[in-house]
Amino acid sequence: MRETTPSYLEPLNPEQRRAVLHTGKPLLILAGAGSGKTRVITTKIAWLIREQGMDPRSILAVTFTNKAAREMAERAVLIEPRAADAMLRTFHSFGAWFLRRNGSFGGLNSSFVIYDDDDVVSLLSGIMENSLKAEVKQCAHHISRAKDYFISPDDPLLARIDSRKKFRSIYASYEERMAQIGNVDFGDLIKKPVDILRSQPEVAQRFRDRFKVIMVDEYQDANVAQFHLLKELCGPQTYVCVVGDDDQSIYRFRGAEVKNILEFPERFSGADIIRLEQNYRSTGRILKAASSVVDHNRGRLGKTLRAEKGDGSLPVLTYLPDQDDEALFCADKIESSVKKKETNWSDWAILYRTNAQSLGFETLFLRRGIPYRVVGSLKFYEREEIKDALSLLSFLINPRDEVNFRRVVNKPTRGVGPVTVDKIVEAADSCGGDLMEAWHNALRNLDVTQKARAGLDAFFKVIEDGKALLEGGKGSSEKNNEKKSPAKKKYKGLVSGTGLSDCVTQMVRASGLAEYHEMQDEVTGNNKLSNLQELVNAASEYPQSREGLLEFLEDIELDRSLRDNAPEDAQNSVTLITFHNTKGLEFKRVIMTGLEQGIFPREDKKDEELEEERRLFYVGVTRAMDELYLTSCLVRRMYGKTMPAQPSLFLHEIDKNCLQIDNRAFGFQTARPMARHSFNPYNFESNTAGKNNEVEERSGWRRGQRLFHENHGYGAVMEVKDSEDGPIVRVRFDNGKETRFLSEYQGRAFEKMGDD
């Protein structure tokens, strides 16, 4: 006799059980972070087969990664072996399966090949003759985005993707060429099945008759084309169930459309919503901090997470002087915890907004012997654009460096092929291996093409100008390069600052490397440019001279050596990871870094984009299981300069009772929660600053003392120390400027403002 309640339903909480047992109407399972959604999906598949007598072949479940699809299948089969016959695929895998069987209705042979990104660029290169490769890549990216939004070449909405008239023509020619070849790209795997289902009613009916149940996991990540596919597969009798979290929709740059989940109840009339709000991952105070920020979003359905684990400790917000102190804080915090045997290295994750921010942590961790792994990206000095820039700088120092010469002399393309390079290397044998000297000496005798000759002249001009910069002069090749660049109007470029950063910036720009790497697709290009900018920032700490460049390259090489000799233990390493890459992961202890305006959120984010940044912050917070730390710096090296920073908007929005403040920027700590609307890093308890400090008492100034100066405005005392001439007071003003004064003689120019 069948049990009233099957044993496999017993572990479910009431919300999860309601979702599993739901039938009839369309269903949106709004699954909060850490709420056990995978258990619900897999249990529901098994329950439909075992308890409802559903034919496994009539169930279609789609998700976004092969890993997620495999996990769903494995877990469903553990409950009900017949679930192996259900179709559990990614969206693109389902599209390919569909087209192999029905592509003829759209003019496709079943033996079509799926083009990857490189194939698309290669095909477009033939269509866009005489175009720069960077522009070809950009068009490929825009075509992909157009297909994500289900926009064809003749659609007026195409202007939202690329407003250029010629892009519409390029897109149309590309589609025509693909049809002639008989192959498809990844966007076609979704778009073409929709076209067939709409144009062939009998095919659409056949699929609606077969799939009685359609489930979609991670529905907040679906793009417009994927929504259209779901809509076309669903008939009046189809039971459709989608699972997702509107607060974790963070992939707009890939085409994901949060409106798909927000508008599900309208698009599928009569739909029910079941909220999974019991969280099994994080403590209550971590969840409260996350919710208090995302609650500021207007575009959300809303839910309130409840922690199974209890309240836990308060998240800690630490103010730090600068990014070097930020890296030091992280290293000390992690190393101390591991030495006390409280945690393993792998319990820790450091989160940052962009890949470029990994450099400071990598450098310090290597020197401290802290094992780490970079997730979702190469380690900083292994990234192509960084290797290219360092090769250029290395050749500037040593013109006999054949290896680095070969790497960058024709990057970007200057018409200098391997045969020409071999001729120059061979000619260098007669002048001590100096490749620059060989070129100038053999200029008239070398048999090279005019294009190669012009390319080599341009390359060596960059090197000559670099030498002039190191010797205190000004180079001209960057200026000339900008005049000739056909893509200059689009190119934002790098920004130089102090010290060696000026030389690095001008060389990387003048050589064309910066533009070459930036003009990838929008996302990749921005990341590569950010990495190059971080290299420029690092160079700002060195003097602009030959000795300064040698020291810079030597320090990098020492770091590389440490990295190469570091023991590899992926199972027990600190995780360095961007916020985007944390999706679906969890860590016992999380440090969210760089929480400043312009870093996170970025300054250009407004309206819907700002709401997505806020969701990204929510995702980061909810990765933490037991402890959460947040860091914000008073100044940060950006654009080659040390610049004042303002705390992130999102820190304003955290509930005032959700944070403990650790004010390292002023050399002391306080357990006072942050005031919600008076977010000022100089606010702190006066009775903790400067206590029992004889020098401070003698000077009449204390660390943390607020002050005002007629010329510089408001500021705070950072340090008071003794000297032969009496106590010296170091002040940092709110505009980022620092100054020092002798308290006895110059103190009257500063007006004391109190301690808080």
Side-chain angles (χ1 to χ4, degrees), residues 26-33 37 61-65 68 90-92 94-95 141-152 155-163 171 185-195 197-198 214-234 240-269 271 273 294 297-303 521-523 579-580 583-584 601 604-619:
L27 175 64
L28 166 59
I29 301 176
L30 202 61
K37 71 176 181 64
V62 290
T63 185
F64 287 86
T65 68
T90 65
F91 266 108
H92 289 95
F94 172 79
H141 176 66
H142 287 175
I143 288 172
S144 176
R145 287 289 77 80
K147 292 187 178 184
D148 287 342
Y149 284 98
F150 207 76
I151 297 174
S152 57
D155 194 321
L157 292 177
L158 187 63
R160 295 183 181 180
I161 306 294
D162 192 323
S163 59
Y171 185 9
D185 57 31
F186 273 90
D188 290 330
L189 296 178
I190 308 298
K191 190 173 184 296
K192 286 189 178 297
V194 176
D195 290 336
L197 290 168
R198 287 180 174 175
I214 299 180
M215 303 178 70
V216 183
D217 185 24
E218 301 285 7
Y219 188 59
Q220 77 280 346
D221 294 337
N223 61 38
V224 172
Q226 288 159 344
F227 161 74
H228 285 305
L229 178 58
L230 173 64
K231 196 70 175 173
E232 293 304 321
L233 289 170
C234 291
V240 59
C241 170
V242 301
V243 187
D245 183 0
D246 53 338
D247 290 334
Q248 296 189 71
S249 179
I250 59 173
Y251 295 124
R252 185 175 182 177
F253 65 93
R254 294 181 187 168
E257 181 51 75
V258 70
K259 289 182 180 178
N260 284 340
I261 195 167
L262 296 178
E263 297 176 1
F264 182 85
E266 302 168 22
R267 295 175 174 180
F268 292 86
S269 58
I273 300 177
V294 83
N297 275 358
R298 295 181 179 181
R300 66 190 298 260
L301 296 171
K303 58 187 171 301
D521 66 62
E522 184 177 355
V523 176
F579 283 91
H580 276 104
K583 182 76 181 303
D604 60 345
K605 301 299 183 183
K606 297 178 181 179
D607 302 324
E608 290 183 1
E609 290 185 342
L610 180 60
E611 294 211 348
E612 178 155 309
E613 289 279 291
R614 196 174 276 119
R615 293 193 293 268
L616 186 58
F617 184 90
Y618 171 88
V619 167

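The model shown is predicted, which means the values in this text are computed figures rather than measured ones.
In this structure, Glu218 pairs ionically with Lys37, as a charged nitrogen and a carboxylate oxygen lie closer than 4.0 Å. A salt bridge does not link Glu611 with Arg300: every distance from a Lys NZ or Arg NE/NH1/NH2 to an Asp or Glu carboxylate oxygen is 4.0 Å or more. Remark: Lys147 engages Asp185 in a salt bridge, criterion side-chain N to carboxylate O under 4.0 Å. In summary, Asp245 and Lys303 engage in a salt bridge, as defined by a charged side-chain N under 4.0 Å from a carboxylate O. Salt-bridge formation is not detected for the pair Asp247/Arg614: no Lys NZ or Arg NE/NH1/NH2 atom is positioned less than 4.0 Å from an Asp or Glu carboxylate oxygen.
Looking at every heavy atom in both residues, Ser152 comes nearest to Tyr171 through C-CE2, 3.7 Å. In plain terms, the two heavy atoms of Pro265 and Ala271 that are nearest each other are CA-CB, 4.1 Å. Here the shortest heavy-atom pairing between Val194 and Ala225 reads CG2-O, 4.1 Å. Closest approach of Val619 to Ile250, counting heavy atoms only: CG2-CG2, 4.0 Å.
In terms of the side chain to side chain donor-acceptor pair (under 3.5 Å) criterion, Glu609 has no residue partners (sequence neighbours excluded). Residues passing the side chain to side chain donor-acceptor pair (under 3.5 Å) test with Lys605: none are found, sequence neighbours excluded. Partners of Phe268 according to the ring-ring contact (aromatic ring centres under 6.0 Å, His included) rule, which considers only residues two or more places apart in sequence or in another chain, are Phe264.
Within the 4.5 Å cutoff, side-chain heavy atoms of Asn260 are placed close to those of Tyr219. Looking at Phe64 and Asp217, their side chains never come closer than 4.5 Å, going by heavy atoms from C-beta outward. Leu301 has its side chain within reach of Leu28: a pair of non-hydrogen atoms, C-beta onward, lies under 4.5 Å apart. Counting heavy atoms from C-beta outward, Val243 and Val216 have side chains that stay 4.5 Å or more apart. The shortest distance between side-chain heavy atoms of Ile214 and Leu230 falls below 4.5 Å. Here the side chains of Ile161 and Arg145 are in contact, with some heavy-atom distance below 4.5 Å. When side chains are defined from C-beta on, Glu257 counts as touching Tyr149, because their heavy atoms get closer than 4.5 Å. Using a 4.5 Å heavy-atom threshold, the side chains of Leu197 and Leu233 count as touching.
The CG atom of Leu189 sits 9.0 Å away from atom OG1 of Thr90, with the distance rounded to the nearest 0.5 Å. Rounding to the nearest 0.5 Å places CZ of Arg298 at 9.0 Å from CG of Asp607. Between the CG atom of Leu610 and the CG atom of Leu616 there is a distance of 11.5 Å, given to the nearest 0.5 Å.
Ser249 places a side-chain N or O within donor-acceptor distance of the main-chain N or O of Gln220, the cut-off being under 3.5 Å. When atom types are taken as modelled, the side chain of Asp155 and the backbone of Leu157 share a donor-acceptor pair closer than 3.5 angstrom. Side-chain N or O atoms of Asp221 include none that pairs as donor or acceptor with a backbone N or O of Ala256 at under 3.5 Å. At least one donor-acceptor pair closer than 3.5 Å links the side chain of Gln226 to the backbone N or O of Asn223.
Counted within 6.0 Å of CZ on Arg198, heavy atoms from surrounding residues, nucleotides or ligands total more than 12; the atom is thus considered enclosed. The local environment of CD in Glu608 is sparse, with at most 12 non-hydrogen atoms from other residues, nucleotides or ligands closer than 6.0 Å.
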Stepwise side chain to side chain contact (heavy atoms under 4.5 Å, CB included) test for Lys231 and His228 = CA-CA 5 Å; Lys231 196 70 175 173; His228 285 305; 5.5 Å; no
task = Start with the C-alpha gap between Phe150 and Asp195, add the side-chain angles, then the distance that decides, and say whether side chain to side chain contact (heavy atoms under 4.5 Å, CB included) holds.
result = CA-CA 10 Å; Phe150 207 76; Asp195 290 336; 3.5 Å; yes
Residue pair Phe91, Leu229: steps toward the side chain to side chain contact (heavy atoms under 4.5 Å, CB included) verdict = CA-CA 9 Å; Phe91 266 108; Leu229 178 58; 4.2 Å; yes
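Of the listed residues (Val294, Leu30, Asn297), just one forms a side-chain contact (heavy atoms from CB on, under 4.5 Å) with Asp246, and that residue is Leu30.
For the pair Arg267 and Phe227, the cation sits on the ring face: its NZ or CZ lies under 6.0 Å from the ring centre, inside 45° of the axis. Judged by a 6.0 Å distance limit and a 45° cone about the ring axis, Arg254 is positioned over the six-membered ring of Tyr251.
Aromatic rings from His580 and Phe253 are positioned such that their centres are separated by under 6.0 Å.
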